[in-house]
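Structure first, then comments.
Keep in mind it's a predicted model, so treat the numbers as computed, not measured. When a ligand or atom number is given, it counts from 1 through the structure's own listing order.
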Amino acid sequence: MSELKVLISRKQIADRVIEMGAEISRDFSGQSIMFVGVLKGAAIFLSDLARNVQLDSTFDFIGVSSYGNRPSPDHELNVGWDSTGEVKLTKDVDQSMKDRNIVLVEDILDTGLTLTYLKKLFLSHEPKAFRIATLLDKPSRRKLPIHADYVGFSIPDEFVVGYGLDHAERYRNLPDICVVPREN
Ligand code: 5GP
């Protein structure tokens, strides 16, 4: 693996997560929130974000994977995910979402396939409100017309790791978000 380059520092992440927490606290002032994180990438972001929201809150987690095979680590890095793939649920939430204020927490919005699937699923549970918070957004890669309500950083089409994001399960524990250089 070639050298990783820091794209977003831990300080920039911490500052932005405080701002996002304040936005959510304002938008849901006086109400309670159910945060639902998408495993595993959003776990670190959810734990920081939720601690910056000054409201009564609960956590839950959901697991998804693409039908067929997740691309090999090399394919994922150099080409990205297949936009034609379908998403399936590998772990459902434990609590009811009906009449709750749901904030779905994702690490990165890329083609939009995962969040489009999850949004439809969540809305079918009739929440009181549904919002999406994503730490990163790669708008240039979008294949489906979905947007997040709270976006940490818009980034170019680079493959990134750290702060929960992996490459072949590694690097999730890096405190900064780093670019993995593509091989060509
Ligand atoms: P989607 O294409 O459905 O919007 O995103 C699917 C998933 O691809 C994300 O949740 C994330 O797990 C993964 N992904 C997309 N871009 C990157 C990236 O730059 N780095 C890493 N580690 N994962 C990514």
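The aromatic rings of Phe35 and Phe59 stand perpendicular to each other, their planes meeting at an angle above 60°, with 30° marking the opposite boundary.
Between the Arg16 side chain and the Val151 main chain, a donor and an acceptor come within less than 3.5 Å of each other. A distance-only check finds a donor-acceptor pair linking the side chain of Asn101 to the backbone of Ser32 [under 3.5 Å]. Of the possible polar contacts, one joining the Asp60 side chain to the Asp94 backbone as a donor-acceptor pair under 3.5 Å is found. Side-chain N or O atoms of Thr134 include none that pairs as donor or acceptor with a backbone N or O of Asp137 at under 3.5 Å. Within the 3.5 Å criterion, the main-chain N or O of Ser96 finds a donor-acceptor partner in the side chain of Arg100. Remark: side-chain polar atoms of Ser29 are not paired, donor with acceptor, to backbone N or O of Arg26 under 3.5 angstrom.
Proximity of Glu106 to ligand 1, defined as any heavy-atom pair under 4.0 Å, is confined to the side chain (atoms from C-beta onward). Contacts between Leu115 and ligand 1, counted as non-hydrogen atom pairs separated by less than 4.0 Å, are absent for every part of the residue. At a heavy-atom distance under 4.0 Å, only side-chain atoms of Lys138, from C-beta outward, approach ligand 1.
Atoms of ligand 1 found under 4.0 Å from any heavy atom of Thr114, numbered from 1 in the order shown, are 1 (P), 3 (O), 5 (O), 6 (C). Less than 4.0 angstrom separates some heavy atom of Glu158 from each of these atoms of ligand 1: 19 (O). When each atom of ligand 1 is checked for a heavy atom of Leu113 under 4.0 Å away, the hits are 3 (O), 4 (O). The contact set between ligand 1 and Leu165, taken as ligand atoms under 4.0 Å from a residue heavy atom, comprises 21 (C), 22 (N), 23 (N).
Of the listed residues (Thr116, Asp166, Val64), the one carrying the non-hydrogen atom nearest atom 22 (N) of ligand 1 is Asp166. Nearest residue to atom 4 (O) of ligand 1 from Gly112, Ser65, Gly41 is Gly112 (criterion: closest heavy atom).
Considering backbone and side-chain atoms alike, Asp110 places an N or O below 3.5 Å from some N or O of ligand 1.
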